[in-house]
Amino acid sequence: MLEIPESKVISLQAAEILTGRKIVNVRSAASPHKLVAFSADPSTYHEMLIGRKIVSTRGHGMFVDICLDKNYIITIGDGVNMRYYPSPEVCPSNCQLLIELDNGGCIVFTVAMYGGIWVNNKTFDNKYYQGSLNSISPLDEKFDEAFFEKILNSVEKDMSVKALLATEQRIPGLGNGTLQDILFNAGIHPKRKKSTLQKGDVKKLFKSLKKTLSTMTAKGGRDTEKDLYGNSGGYKTILSKNTLPDPCPACGGKIVKEAYMGGAIYFCPSCQKL
């Protein structure tokens, strides 16, 4: 799923190979999907996009934008896989949108569970998108300890750390996936209440959040996710479905997986005491 490291990595990869390319053909709904959101009837995307030149790309929160001339923007959200292929012949057939470029390459968008592929002119009126676009990313130097404490102070004291960090997009693009290693590195249980955090805990959580997300991004995203070319990220997750059978790397104890707040949490009961 698209979280901060993946949106950043994919946007940088896309910038390298897509900038300056012109869209020569658009094929939509090759494989219809009921849980894909579009900004208009996808059959109209051809008319909007044909002949448009790719000017730049950007990744923010759980979104990736492909910015075109004439102020058009193609936006994908969490749940959408965006891949680049050198020719249409090697593209998968079960996609929700396929864009052919003037160099013979293709951008293919597929959705497994749910997602959004939007084409807009100038503005995308979505509160999560706008919140993400206008927020300060933890990858930015401006996201400092004082800024982080403002986020903590904005919620009630009985809120769990998972709810604080990974719901309502208080930190756009920080989701349940990246949360696991952030909390492990900070030594904090995902169910701990905000009211139990001491100053030292807050400092450790802030440092872990910054360092963990920066490391994930620098290594090309998490190994549970794919990049623009379909390759797994180079960051080896500490706590994820990939490592559940493994012992805790810190104490050797058993890693626990539980259902919590509509998703799975992973933690070491010894290193992350509740």
Side-chain angles (χ1 to χ4, degrees), residues 1-19 21 23-50 52 54 57-68 72-120 124 126 128-129 132 173 175-178 220-234 240-242 263:
M1 307 299 278
L2 277 178
E3 295 190 30
I4 291 168
E6 288 72 40
S7 67
K8 186 68 172 179
V9 167
I10 289 172
S11 69
L12 291 173
Q13 291 176 323
E16 290 181 357
I17 199 161
L18 300 182
T19 301
R21 299 269 62 91
I23 297 172
V24 297
N25 193 25
V26 178
R27 301 186 226 166
S28 61
S31 180
H33 195 306
K34 293 181 179 179
L35 297 181
V36 180
F38 296 98
S39 52
D41 185 330
S43 65
T44 66
Y45 281 12
H46 182 279
E47 182 181 348
M48 287 189 283
L49 298 176
I50 200 77
R52 298 275 70 80
I54 298 173
T57 66
R58 63 190 177 203
H60 52 99
M62 58 180 178
F63 298 95
V64 174
D65 293 330
I66 301 175
C67 304
L68 314 173
Y72 279 91
I73 299 175
I74 304 169
T75 298
I76 64 167
D78 187 27
V80 179
N81 299 310
M82 184 172 85
R83 302 283 182 267
Y84 178 81
Y85 293 91
S87 70
E89 288 74 22
V90 296
C91 292
S93 59
N94 60 332
C95 63
Q96 279 65 61
L97 185 69
L98 187 150
I99 295 175
E100 296 181 30
L101 305 171
D102 60 355
N103 66 345
C106 297
I107 317 168
V108 176
F109 303 87
T110 59
V111 177
M113 295 177 63
Y114 62 87
I117 309 168
W118 302 279
V119 176
N120 293 284
F124 179 26
N126 175 286
Y128 292 114
Y129 175 86
S132 172
N176 197 55
T178 52
R222 295 166 287 155
D223 60 357
T224 55
E225 307 301 323
K226 306 286 187 181
D227 66 9
L228 184 67
Y229 303 102
N231 300 316
S232 298
S240 70
K241 60 183 181 181
N242 290 357

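On a predicted model such as this, the values are computed, not experimentally measured, just so you know. Start at 1 with the first residue, then count along the sequence.
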What's the verdict on side-chain contact (heavy atoms from CB on, under 4.5 Å) for Lys226 and Arg83, showing C-alpha distance, side-chain angles and the deciding distance?
CA-CA 9 Å; Lys226 306 286 187 181; Arg83 302 283 182 267; 3.0 Å; yes

Please name the pair of heavy atoms, one in Cys91 and one in Leu98, separated by the smallest distance, quoted to 0.1 Å.
CB-CD1, 3.9 Å

When rounded to the nearest 0.5 Å, the distance separating CE of Met48 from CG of Asn120 is 8.0 Å

Quick one: CD on Glu47 to CG on Asp41, what's the gap to the nearest 0.5 Å?
11.0 Å

Closest approach of Ile117 to Gln96 (non-hydrogen atoms, all atoms of both residues):
CD1-CB, 4.0 Å

Give a yes or no on whether the backbone of Gly59 and the side-chain of Ser11 come within a donor-acceptor separation of less than 3.5 Å.
yes

Heavy-atom closest contact (Val24 atom, Ile50 atom, distance):
O-CD1, 2.8 Å

Are Ile10 and Tyr229 packed together at the side-chain level, in the sense that at least one heavy-atom pair is separated by less than 4.5 angstrom?
no

Closer than 3.5 angstrom, by distance alone: can the side chain of Ser87 be matched with the main-chain N or O of Gly105 as a donor-acceptor pair?
no

Find the distance between OG (Ser39) and OH (Tyr45) and round it off to the nearest 0.5 Å.
3.0 Å

Could you work out, with side-chain contact (heavy atoms from CB on, under 4.5 Å) as the rule, every residue matching Leu35, not counting sequence neighbours?
His33, Tyr114

Report the C-alpha separation of Asp223 and Ser232 in whole Å, then their side-chain angles, then the decisive distance to 0.1 Å, and conclude whether the side-chain hydrogen bond (donor to acceptor under 3.5 Å, both in side chains) test is met.
CA-CA 5 Å; Asp223 60 357; Ser232 298; over 6 Å; no

The test is side-chain contact (heavy atoms from CB on, under 4.5 Å); show your working for Val64 and Val80 and say whether it passes.
CA-CA 10 Å; Val64 174; Val80 179; over 6 Å; no

Pro92: which residues meet the side-chain contact (heavy atoms from CB on, under 4.5 Å) condition with it, sequence neighbours left out?
Tyr85, Asn94, Val108

Test log, rule side-chain contact (heavy atoms from CB on, under 4.5 Å), inputs Ile76 and Phe63
CA-CA 6 Å; Ile76 64 167; Phe63 298 95; over 6 Å; no

Parallel, tilted or perpendicular, as decided by the 30° and 60° cut-offs, for the rings of Trp118 and Phe124:
tilted

For residues Leu101 and Ile54, determine if any side-chain heavy atom of one lies less than 4.5 Å from a side-chain heavy atom of the other.
yes

How far does CG of Asn103 sit from CG of Leu18, to the nearest 0.5 angstrom?
8.5 Å

For Val119 and Thr44, run side-chain contact (heavy atoms from CB on, under 4.5 Å): C-alpha distance rounded to whole Å, both residues' side-chain angles, the deciding distance at 0.1 Å, then the answer.
CA-CA 10 Å; Val119 176; Thr44 66; over 6 Å; no

Evaluate the criterion side-chain hydrogen bond (donor to acceptor under 3.5 Å, both in side chains) for residue pair Asp78 and Tyr128; output intermediate values, then yes/no.
CA-CA 11 Å; Asp78 187 27; Tyr128 292 114; over 6 Å; no

If we ignore hydrogens and angles and just use 3.5 Å, is the side chain of Ser28 paired with the main-chain N or O of Pro42 as donor and acceptor?
yes

So if I apply the side chain to side chain contact (heavy atoms under 4.5 Å, CB included) rule between Glu100 and each of Val26, Ile107, Asn25, Ile23, which one comes out positive?
Asn25

Closest non-hydrogen atom pair between Asp227 and Gln13, with its separation:
OD2-NE2, 3.0 Å

Contacts of Glu3 meeting side-chain contact (heavy atoms from CB on, under 4.5 Å) (sequence neighbours excluded), chain-then-number -> Pro5, Glu6, Thr178, Arg222

Which heavy atom of Arg58 sits nearest to which heavy atom of Ile73, and what is that distance?
NH2-CD1, 3.5 Å

So CG of Leu68 and CG of Leu49: to nearest 0.5 Å the spacing works out to 6.5 Å

From OG (Ser240) to CG (Asn176), nearest 0.5 Å
11.5 Å

Keeping Ser7 on the side-chain end and Gly61 on the backbone end, is there a donor-acceptor pair under 3.5 Å?
yes

If I compare all heavy atoms of Met82 with all of Ala14, which pair ends up nearest, and what's the gap?
CE-CB, 4.2 Å

